[in-house]
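Convention: sequence-line order gives letters A, B, ...; per-chain numbering from 1. This is a predicted model, so every value here is computed, not measured.
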Amino acid sequence: MKEQYDFKKQEAKWQKFWEKESIFKFDSRKSGKIFSIDTPPPTFSGKMHLGHAFSYTHEDIIARYQRMNGKNVFYPFGIDNNGLATAKLVEKANNVRFFNLERKDFIKLCQSTLKKLTPDFIADWQKIGMSCDFSKIYSTISPESQKISQEHFIELYNQDRVYQKNSPILWCPECQTAIAQAEMEDKEMPAFFNEIEFKLEAGGRIIIATTRPELLPSCVAIFVHPKDQRYKDFIGKTVIVPLFNQKVKIIADDKVDKEKGTGAVMCCTFGDTTDIEWFLKHKLPLQISLGKDGKMNKLAKEFVGLPAKIAQRKIVEKLKEKNLVKDQKRITHAVNVHERCGTEIEILPTKQWFIKYLDLKDQFLKQSIKLNWYPPYMKVRLDNWIKGLGWDWCISRQRYFGTPIPVWHCEKCGEVILADIKELPIDPIHSKPKKKCKCGSEKYIPEKDVFDTWVTSALTPQIALSLIKDKKVRDKMIPMSLRPQAHDIINFWLFYTLARSYLHLKKLPWKDVVISGFVLDPEGKKMSKSKGNIIEPQKIIDEYGTDAMRFWAAQSALGEDLRYSQDEIKIGKRTVIKIWNASKFALMHVENYSPRLTDIKYLEDEDKWILSKFYEAIEQYTNKMDKYEYSRAKEIIDNFFWKNLCDYYLEIVKSRLYNQGDNKTKRAAQFTLYNIILGSLKLYAPIAPFITENVYQDYFRKKEKIKSIHLTRLPKLEKKLYFKKTANDFELVIDAIARIRKHKSEQHLSMKADLKKVFIETKNKNKLKKYLPLISELMFVEKIELK
RNA sequence: GGGCAGUUAGCUCAGUGGUAGAGCACUGCGUUCACAUCGCAGGGGUCACAGGUUCGAAUCCUGUACUGCCCACCA
């Protein structure tokens, strides 16, 4: 073995080796129970970030552990590239907007851009040492995935779970599409809180407060609180909206906050979700002044065609001219923005497709109970979300790039014509229905909308399993064993997958769910581009290596957030080097040794001690790993390896190893070292796959005959290598060594300084006595007296 | 406003009823013989606060404060 470990060279080498030798290829005929993982397909929207490196390391540790524990691991890899995020990346990369291109040209552009960028994107995931089967990768935009998505849509349609409805929907003017409830987020924005005077028809005035004066043309009512003394006499009266002159009523509703603004508020269809509520409850007219492109329409009269923000400024100017603005306060308030682009959400009535599921809330909650949650408290987040659901699932998006909704509409009677299952996947724009409409018409209008990305990614269990050709095997694999993911998308991906699995199969999609936390910056803040505190995993890997990065990631338990700290990465790197050095030393002494079980009978007590310590470590490690507590498992192997093995055993056993010739006690030491080093490497292998593979290949492979350490089995609990009593007694030696070390340290002596005489206090003089020669030799003490 | 989690050494975190732990950082000592990308040793904490249960509480209960996250509100 070479002197220094070159992680850059070796990590690249072993990654290639795994690919070339198909080490992680799934074969359903292999032995062992299947452990299947519903790998999160990363959204194709840019580079891998540190949070990815963190959580994908967690699931990979689990996958590698399960594999070495004898399971036949199905660990696919996919890319989520069918949605808005990908389309936006394509727009940015090519400096275009989708609506300026022909639909088919934009789709072509997406496909060519994907082709160009995908290899580098996947390389990032391979670089962090993921043990997926990269020979078969699914993409959520592939024809196969589209087919699955469309099939399942048709299934739901036939179950009467799909409907189309004209309704107020959350709309992003930037992306020009409907979005789902879950895609909104809060953002603090500065605004003016304007107090505007409205004249009553019968004389008098009322002052309302608003941040959205540009919506005056859509004002359909004024609301006040029923118990507000100030406005008691106004209820039921008619006011005239300034500038636009429509007449609206003053209505009482207890949802009005008396304390806010002037206590009087205008209702516009639609400014926010409360407006929708009032619109429905009080049967108000629908007045839309804002277009899908975020510009004012002709209802805004002279302000037509202006973007909302500019219209707002001009309208306020005009109101000021007429002396109708009574006050204007600068405030910051939280507004709903689209999480993908940060644009303020508008509410527009449009025709959209929905999946009906609000009636199934209780069923979903029951499914949530059946799942095994790691950590358990994450369940509450899903439950809260389910309980709070207020809308059916809006699945349509007004975009070009995505899975088309496979239907046509009859031009004559409006009936929906479903595509034939055998024809899928189809794009209705480019094909025709096979049959006439029931009404006899042959004229149809193709559906132009596409599915939202989550509609398809909620089917990842089905898509992932479609990579397996044998249907019998596939069917047996539902529910899958594990869904790993981060907590930010419990409301989306986890919920939607659970919901769809229930809708289609009445089954859980998986048995276990493990939830990773987030990576925070060194100050404990969320990382974001705007804050400029992004730390790139690629740089860390370049400087310290993947194993070091994985050691860092592995220290955090499931669900726990972890602050990034360079020091912690350095500790990981040190562990890699320590593994290298300790192995190098040990293997130097077992070069010509092949393990023979008969050597057990020559074991010395220190051998029995370390073997027993290792036996206990395996037991505890396995126990933790089985519960997905990899950070605890890491502590156990770290502790064993650094303290017991490197600090004590290797020091104690040195003199026996340096002994020339093939004597029995040396062979026993070699037997011990061989097993302990190989065993430790195996326990470290899920966490640090590269260094362990490297040492294994350099030395153990020719003796163990298995192609990769990652295909070997974890060390077994061998009762005949567990010597509990001897190990307990030997702790006295460890204690004595520590005491002498302390004594020398206090006397400012070298550990190798000779001592004439040392006193050791012990409760077990008799037991310690027989070890005195060993301690004397090891600690350079001529005489030890026990007290 | 509702919910979830957390608060232990300077930092990151273990520790769920029995005399406070680890790693990092810090200090001192020590290098031919696996490793200075090192070894050995040391200093350092009224376990957020206040009550309660108990022979005994970091640990169980109640309340408070603070931090983070999710949800709701956001005219």
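A gap of 16 Å separates the C1' atoms of G21(B) and G43(B), to the nearest Å. Taking atom P in both G23(B) and G42(B), one finds a spacing of 11 Å when rounded to whole Å. C74(B) and C4(B): their P atoms are spaced 24 Å apart (whole Å). Taking the P atom of each, C40(B) and A22(B) are spaced 13 Å apart, rounded to whole Å. Between the C1' atoms of U53(B) and C29(B), the separation comes to 50 Å (whole Å). Straight-line distance between the P atoms of U46(B) and C11(B): roughly 13 Å, to the nearest whole Å. With both ends at atom C1', the span from C55(B) to G17(B) equals 12 Å, rounded to whole Å. Across U59(B) and U54(B), the matching C1' atoms stand 13 Å from one another, rounded to whole Å.
Summarising the geometry, the separation between CE on M779(A) and P on C40(B) is reported as 11 Å, rounded to the nearest angstrom. Atom CD1 in I386(A) sits roughly 18 Å away from atom P in C70(B) (whole-Å rounding). If you take CD of E560(A) and C1' of G68(B), they are 11 Å apart, rounded to a whole angstrom. C73(B) atom C1' lies 13 Å from atom NE2 of H333(A), rounded to whole Å. Rounded to an integer number of Å, the gap from I515(A) CD1 to C70(B) C1' is 13 Å. Atom NZ in K744(A) sits about 22 Å away from atom P in G28(B), given to the nearest Å. The OH-P distance, from Y374(A) to C4(B), rounds to 22 Å in whole Å. Rounded to an integer number of Å, the gap from NZ of K379(A) to P of C70(B) is 20 Å.
Taking only distance into account, the side chain of D561(A) never meets the base of C69(B) through a donor-acceptor pair shorter than 3.5 Å. Judged by atom type and distance alone, D186(A) reaches the base of C73(B) through a side-chain donor-acceptor pair under 3.5 Å.
Counting non-hydrogen atoms under 4.0 angstrom, V256(A) reaches a base of the nucleic acid. The residue F193(A) sits close only to the backbone: its heavy atoms come under 4.0 Å of sugar-phosphate atoms, none of a base. As judged by a 4.0 angstrom heavy-atom cut-off over every strand, D383(A) is placed among residues making no nucleic acid contact. The residue E651(A) sits close to a base: some heavy atom pair falls under 4.0 Å. Within the nucleic acid shown, Q747(A) has no heavy atom closer than 4.0 Å to any nucleic acid atom. The residue T274(A) sits close only to the backbone: its heavy atoms come under 4.0 Å of sugar-phosphate atoms, none of a base. A334(A) comes within 4.0 angstrom of a nucleotide base, judged by non-hydrogen atoms across all strands. Looking at heavy-atom distances under 4.0 Å, N336(A) makes contact with a base. Residue contacts for S565(A): at a heavy-atom cut-off of 4.0 Å it reaches no nucleic acid atom on any strand shown. When heavy atoms are screened at a 4.0 angstrom cut-off, K752(A) is found touching base atoms of the nucleic acid. Heavy atoms of C646(A) sit under 4.0 angstrom from at least one base atom. Residue-level contact check: W552(A) touches neither bases nor backbone, having no heavy atom under 4.0 Å from any strand.
Among A14(B), C73(B), G23(B), the nucleotide with an atom closest to any side-chain atom of R574(A) is G23(B). For D257(A), the side-chain atoms get nearest to A75(B) when compared with the rest of C29(B), C4(B), A75(B). The side chain of N581(A) sits closest to C35(B) out of C40(B), C35(B), C73(B). Considering only side-chain atoms of K578(A), the nucleotide from G39(B), C29(B), A75(B) that sits closest is G39(B). Counting only heavy atoms from C-beta on, D567(A) has its side chain closest to C24(B) among C24(B), A22(B), C40(B). For K742(A), the side-chain atoms get nearest to A41(B) when compared with the rest of C40(B), A75(B), A41(B).
For E731(A), the CD atom sits in a packed shell: over 12 heavy atoms of surrounding residues, nucleotides or ligands are nearer than 6.0 Å.
A close approach under 4.0 Å does occur between a side-chain nitrogen or oxygen of K643(A) and OP1 or OP2 of G23(B). The side chain of R381(A) places no N or O atom within less than 4.0 Å of a non-bridging phosphate oxygen (OP1 or OP2) of C70(B). Under 4.0 angstrom from either OP1 or OP2 of C13(B) there lies no side-chain N or O belonging to R563(A).
Base pairing of C47(B) is not made with any nucleotide, judged by Watson-Crick or G-U wobble geometry with both donor-acceptor distances under 3.5 Å. The partner of U67(B) is A5(B), judged by Watson-Crick or G-U wobble contacts that both fall below 3.5 Å. Across all strands shown, G17(B) forms no Watson-Crick or G-U wobble pair with both key distances under 3.5 Å. Judged by Watson-Crick or G-U wobble contacts below 3.5 Å, the nucleotide A25(B) has no partner. Of all nucleotides present, none satisfies the Watson-Crick or G-U wobble test against U54(B) with each distance under 3.5 Å.
The aromatic rings of Y496(A) and Y357(A) lie parallel to each other, their planes meeting at an angle below 30°, with 60° marking the opposite boundary.
Considering every non-hydrogen atom in both F234(A) and I250(A), the closest pair reads O-CB, 3.5 Å. Residue I179(A) comes nearest to H338(A) through the heavy atom pair CG2-NE2, 3.6 Å, listed as atom of the first residue, atom of the second, then distance. The two residues P213(A) and M266(A) have their closest heavy-atom pair at CA-CE, 4.4 Å.
Stacking of R483(A) on the aromatic ring of W493(A) is recorded, both the 6.0 Å distance cut-off and the 45° axial limit being met.
No donor-acceptor pair under 3.5 Å is formed between the side chain of Y696(A) and the backbone N or O of I691(A). At distances below 3.5 Å, at least one donor-acceptor pair connects side-chain atoms of Q670(A) with backbone N or O atoms of H589(A).
The aromatic ring centroids of Y231(A) and F223(A) lie 6.0 Å or more from each other.
Ranked by how close their nearest RNA chain B nucleotide is to the 5' end, K260(A) and A586(A) are led by A586(A). Looking at which nucleotide of RNA chain B each of N384(A) and F585(A) is closest to, the 5′-most match is held by N384(A).
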